[in-house]
Structures are given as C-alpha cells and as structure tokens.
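For reference, the structure is listed below as structure tokens.
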Amino acid sequence: MRKKLNCILLVDDDPDDNYYHQIVINKMNIVNHIDIAVNGIEAMAYLKNKNQNPPEIIFLDINMPKMNGWEFLEEYKNLDIDKKAKVLIMILTTSANPDDIKRAKEIQDVTGFETKPLSPELIKEILQQHFQDYL
Amino acid sequence: MSEELEFHLQQVEQSEAKLNDAQRLARIGNWEMDMTTHKVHWSNEMFNVYGYGNERFEVSFEKALERMLPEDAERTKARMKKNTEEALQAFKEKSIFEFETAPSNFTIILPDDSRKVVQGIGKIILNTNGHVTKIVGTVQDINEEYKAEQKLNAYNIELERKNKEIEQFAYAASHDLQEPLRSISNFSKLLAEKLETYPDKEMNEYMRLISGGASRMSNLIFDLLEYSRVGKDMAKRETDCSKLVHEILADLTVVIAESGAKIHIEKLPVINCYDLKSVFQNLIINAIKFRKKDISPVVNISATSTGKEFLFIIKDNGIGIEKEYYDRIFIIFQRLHLRTQYAGTGIGLSLTKKIIEMHGGRIWVESEIGEGSTFYFTIPIS
C-alpha cells in the first residue's frame with residue numbers, strides 16, 4: 001500500500017472553502033488528517049505547538065483577518081528550522097493578481113501560487129513533484 | 001501743409017486706429033519706459049486692461065507695480081533686474097541690442113478692487129554703448145483663459161481621483177464577488193456528482209445550468225478585474241510584435257487546430273509599448289471565433305509605418321459586422337450575438353481599446369456582413 005501524508009494544514013478564513021477543500025482532499029485518500037487555522041495567528045500557534053508534528057503541506061490564503069498570509073510568512077521566516085524542515089507552503093488564494101504572484105516568488109519559504117479552488121489535478125501535481133513516495 | 005504730408009499723416013492716423021482696434025480685440029496693451037527720463041507711456045488698451053476705461057493720467061513704473069499683488073510686484077522687480085543683467089551680458093558677448101524676456105503671468109488689482117490675471121512680455125533695448133535706453137512691453141488680459149485653465153485643472157484632478165476610485169472599486173468588487181461565487185460553483189459541482197446516478201434527468205440539467213451560470217459569472221468577474229487592472233503599474237518596453245504574435249499562436253494551438261484556421265503573419269515591427277498581449281490575443285481569438293459556418297478561418301496579420309505611428313491590420317474572412325455596430329463592439333459588455341451562438345463576456349474588445357488608447361493610439365473596424373472584418377489599430381512611435 002502507498003504511503004499517506006500525515007497532515008495538511010488549511011489556513012483560510014472562509015468556512016465554505018475549508019469545507020470544500022476538505023472534501024476534495026479526503027476523496028483522494030492521501031492524508032491522515034486535515035487541520036484548519038482561520039488566520040495567521042492560529043497557524044503560527046499551531047506550528048509552534050511542541051506536541052504537534054508539522055504538517056507536510058500548508059495551503060495558505062492571503063486575505064484573512066487579524067494576520068493575513070503575507071504577515072504569516074513574515075513570522076514564519078523566524079520559525080525554528082526543524083519546525084519548517086519538511087513543510088511545503090502553497091499559496092491558495094482568490095485572484096491571480098500579478099502583483100501578488102510576483103511578491104510570492106520573492107519569498108523563499110513559498111513553493112507555489114495557485115488560485116482557488118483546490119482541485120484533485122492540482123493535488124496530484126503537487127504529490128508528483130514533491131512527494132514521489134506517496135503516490 | 002503740403003498734400004503729401006497730409007496724405008502721410010492720414011496714413012499714420014489710419015494705422016494707429018488699426019493698431020488700437022487690434023489691441024482692443026486682442027486685449028493687449030503696450031507700454032514703453034524711457035530709461036533716461038524714466039517716463040512711461042501706456043497705450044489706450046493698457047488703461048482698458050488695468051480697468052481704467054477712458055480715464056487717463058500720468059503713469060510710472062512704480063504706479064504699475066502698485067496695481068500688482070504685492071508678491072507679484074516683488075517678483076516683477078526681481079525679474080526686471082535679472083533680465084537687465086542678462087541683456088547686458090548678451091550685449092557684451094554677442095552684441096545684441098534688443099533682448100526679449102520670457103512671458104510672465106501676474107495678477108493686477110483693478111480700481112474696483114477685483115483681480116485680473118495678465119501676461120506680460122518685455123523687450124530691453126540698448127544703445128551702441130551698451131546702455132539700456134528703453135524697455136518696452138505688452139500686457140495681455142488672459143483672465144478668462146486663466147480661469148478656464150484653473151477650472152480645467154480642477155476637473156482633471158477630480159477626474160483622476162474618480163478614475164482611481166472606480167478602478168479600486170472594480171478591483172475590490174470583483175475580488176469579493178469571486179468568493180461567494182466559488183462556493184456556488186464548488187458545491188454545485190459536488191452536488192452534480194452525487195446526482196449523476198439520480199433517475200430524474202431534469203435535476204441534472206438544472207445542476208448543469210447552475211454550474212454554467214456560476215462559471216460564466218466567474219469569467220465575467222475575472223475579465224472585469226483584468227479590465228480594471230489595465231494601466232496599473234504598467235511600463236513600456238521594447239516588444240518584438242512578430243515574436244509576441246507567435247507566442248500567442250502557440251497558446252492557441254488547440255483553438256487553431258479545432259477551427260482549421262490559417263493564420264498568416266507578415267513581418268511585424270519591434271516597438272516600444274505596454275503589454276500588447278491582450279490586444280493581439282483578443283483580435284486573433286475574435287477573428288477565429290466569429291467564423292462563417294463550414295468555412296475555415298483565414299486571418300492575416302500585418303503592419304505598416306507612417307513614420308509617426310505603426311498601423312496594425314488584422315483581417316479575417318468571418319461573419320462580418322454591420323456598419324451600425326462598428327462603435328458599439330468596443331463598449332464594455334456589449335455583445336452582438338447570443339452567448340449560445342458565440343461565447344464570451346463582451347469585455348475583450350473594450351479591454352483592447354483601453355490598452356491601445358493608453359498608448360495614444362486608435363482602433364477601428366471596417367467590415368461587410370458576410371465578407372469578413374478588418375480591425376485596424378495604431379500605436380504612435382515614441
């Protein structure tokens with residue numbers, strides 16, 4: 001049997017999107033559990049939690065209240081290396097604003113920039129590129 | 001008095017009358033200051049410009065300065081000093097006897113205490129020894145022009161502000177509208193999957209319409225977003241139009257193959273411009289899309305230069321456009337056909353027009369129904 005990812009973290013304030021993305025991911029049967037943080041602050045707290053193994057993939061929204069995606073990435077830069085080691089961050093947002101895409105490219109921790117919604121095709125592509133053993 | 005002298009005097013009188021008329025019509029007065037006697041002479045129209053009508057009195061440089069706003073009087077004195085120095089310099093270096101000064105606007109106070117903006121130009125005249133003998137000049141009443149210009153500037157600022165506001169509004173609206181729409185589209189997709197095996201086939205049809213509607217609206221909003229974004233942080237760059245068009249054709253491989261389109265590209269220039277990808281892309285896609293039934297599209301893309309501007313020509317053999325719609329097709333959301341006949345949001349050509357007009361260019365179409373259309377656009381050579 002193929003290996004499963006342990007955890008995917010969805011960082012998004014939109015409950016509809018979180019619900020939908022959970023359904024899409026679950027249908028593919030590739031991960032043990034999906035966790036949700038509704039803004040950057042919750043996501044940071046989640047990642048700093050010592051009892052918590054870091055997720056393999058973070059899907060990060062940009063427009064969120066309190067701490068948006070950019071602010072989260074700013075804080076994430078200062079996180080312990082071992083907490084970040086295996087985490088893949090994909091920005092997943094509403095519009096493909098060229099300014100945002102350019103900005104994302106300049107951030108080392110960000111692997112990709114995609115527009116919502118998450119699709120099975122996109123997830124397959126990510127697995128193919130970054131998690132060969134899990135297919 | 002001899003007849004000849006009388007004739008000459010008459011002529012002088014006549015030309016003086018003509019000069020007065022000309023000054024009155026143009027609202028330009030002239031003045032003259034003798035630098036040895038410091039006497040100043042004003043023409044009739046000078047008194048008019050300064051609001052004195054038929055009143056006449058002995059004028060002086062000081063009196064003229066008193067009629068100016070204090071800051072303008074100071075400025076005029078300083079200018080006079082600087083111009084005189086430059087005139088002396090010009091005489092020394094190039095033996096120039098007449099030195100013209102640049103026009104300068106200032107505000108004068110009329111006897112009724114109202115204000116008027118005028119424009120003054122002067123000339124400094126030197127003798128062969130390099131001494132200033134005379135300063136002459138004109139003063140033109142430009143109050144109406146000045147007020148009109150002020151008004152225009154105010155309108156321009158207001159217009160720019162409004163444009164920015166609209167741009168931001170369109171951007172925010174289209175961004176925020178995407179979100180609820182995505183929910184409709186996402187969950188109707190899930191629901192459709194569940195209903196696939198459901199015996200009521202009408203249900204499937206309803207789901208298809210909901211999904212279709214949501215996806216159309218999403219395209220509309222996406223295009224609107226793109227339209228509102230045109231001009232934002234854009235920079236001109238050297239563009240090889242031939243290369244650009246070939247890149248677009250590579251993107252359109254599927255569409256071209258499916259339609260059987262033949263596309264001929266003549267040599268296109270390298271120009272300095274903003275991103276023209278949407279322009280060529282929209283025009284090429286339209287040329288393919290609006291094809292006649294059972295006739296493969298043939299599209300010809302060419303360009304010429306008039307020295308002042310480049311003229312691009314995109315000619316097709318499609319369905320054509322009736323003359324009465326030549327202008328309407330460039331208006332946002334205007335469509336000539338049912339979306340079931342020809343898909344599209346009705347934004348493409350308006351976006352194209354917006355980009356071309358940003359360059360100071362124009363776009364138009366010539367067409368005959370059933371005979372194909374030719375789109376022309378110009379990009380000024382910068």
Side-chain angles (χ1 to χ4, degrees), chain A residues 8 10-31 34 36-40 59-66 68-71 90-106 113-124, chain B residues 164 167-197 207 210-211 214-215 217-237 251 274-278 281 345 347 351 355 358:
Chain A
I8 290 177
L10 304 175
V11 186
D12 195 336
D13 61 315
D14 189 323
D16 290 11
D17 284 345
N18 284 334
Y19 183 43
Y20 181 76
H21 291 154
Q22 273 177 294
I23 293 170
V24 171
I25 297 168
N26 279 332
K27 270 193 181 170
M28 297 181 74
N29 196 25
I30 51 156
V31 67
I34 300 167
I36 287 168
V38 296
N39 58 40
F59 287 107
L60 178 67
D61 187 22
I62 293 295
N63 293 311
M64 292 179 291
K66 288 184 186 163
N68 68 26
W70 302 123
E71 291 160 344
M90 300 290 295
I91 289 178
L92 186 63
T93 186
T94 297
S95 65
N97 185 335
D99 297 344
D100 288 347
I101 296 175
K102 208 175 132 214
R103 189 168 171 188
K105 275 193 183 144
E106 286 161 7
F113 188 105
E114 298 292 342
T115 50
K116 289 179 188 177
L118 204 50
S119 65
E121 292 75 28
L122 177 62
I123 296 171
K124 261 184 216 145
Chain B
K164 207 163 257 165
E167 207 175 88
Q168 277 165 357
F169 178 78
Y171 186 76
S174 41
H175 182 272
D176 291 356
L177 285 172
Q178 281 293 4
E179 294 184 353
L181 193 60
R182 195 170 50 238
S183 288
I184 297 173
S185 144
N186 288 343
F187 291 101
S188 60
K189 220 182 294 163
L190 290 180
L191 201 52
E193 280 170 26
K194 281 194 191 283
L195 288 173
E196 244 167 42
T197 50
M207 285 316 301
I210 293 171
S211 294
S215 107
M217 186 161 166
S218 174
N219 288 339
L220 255 160
I221 292 171
F222 182 82
D223 283 359
L224 192 60
L225 195 64
E226 200 183 328
Y227 186 85
S228 75
R229 221 185 260 148
V230 168
K232 226 180 122 211
D233 308 323
M234 277 172 67
K236 283 192 181 175
R237 68 180 63 176
D251 291 344
Y274 300 112
D275 192 355
L276 287 183
K277 189 177 179 190
S278 302
Q281 190 169 285
T345 54
I347 287 183
L351 182 76
I355 296 170
M358 266 175 49

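Just so we're on the same page: letters track the sequence lines, and every chain starts at 1.
- Residues Asn186(B) and Val24(A) have side chains not in contact (no heavy-atom distance under 4.5 Å, counting atoms from C-beta outward).
- Remark: of the listed residues Thr115(A), Thr94(A), Thr93(A), Thr94(A) is the sole one forming a side chain to side chain contact (heavy atoms under 4.5 Å, CB included) with Gln178(B).
- Scanning residues 187-196 of chain B against chain A with a 4.5 Å heavy-atom cutoff picks out Phe187(B), Lys189(B), Leu190(B), Glu193(B), ordered by number.
- Side-chain contact between Glu179(B) and Asp16(A) is absent, with no heavy-atom pair separated by less than 4.5 Å.
- Distance NZ/Lys116(A) to OG/Ser185(B): 13.0 Å, rounded to 0.5 Å.
- By the 6.0 Å contact criterion, NZ on Lys66(A) is open, its count of non-hydrogen atoms from other residues, nucleotides or ligands being 12 or less.
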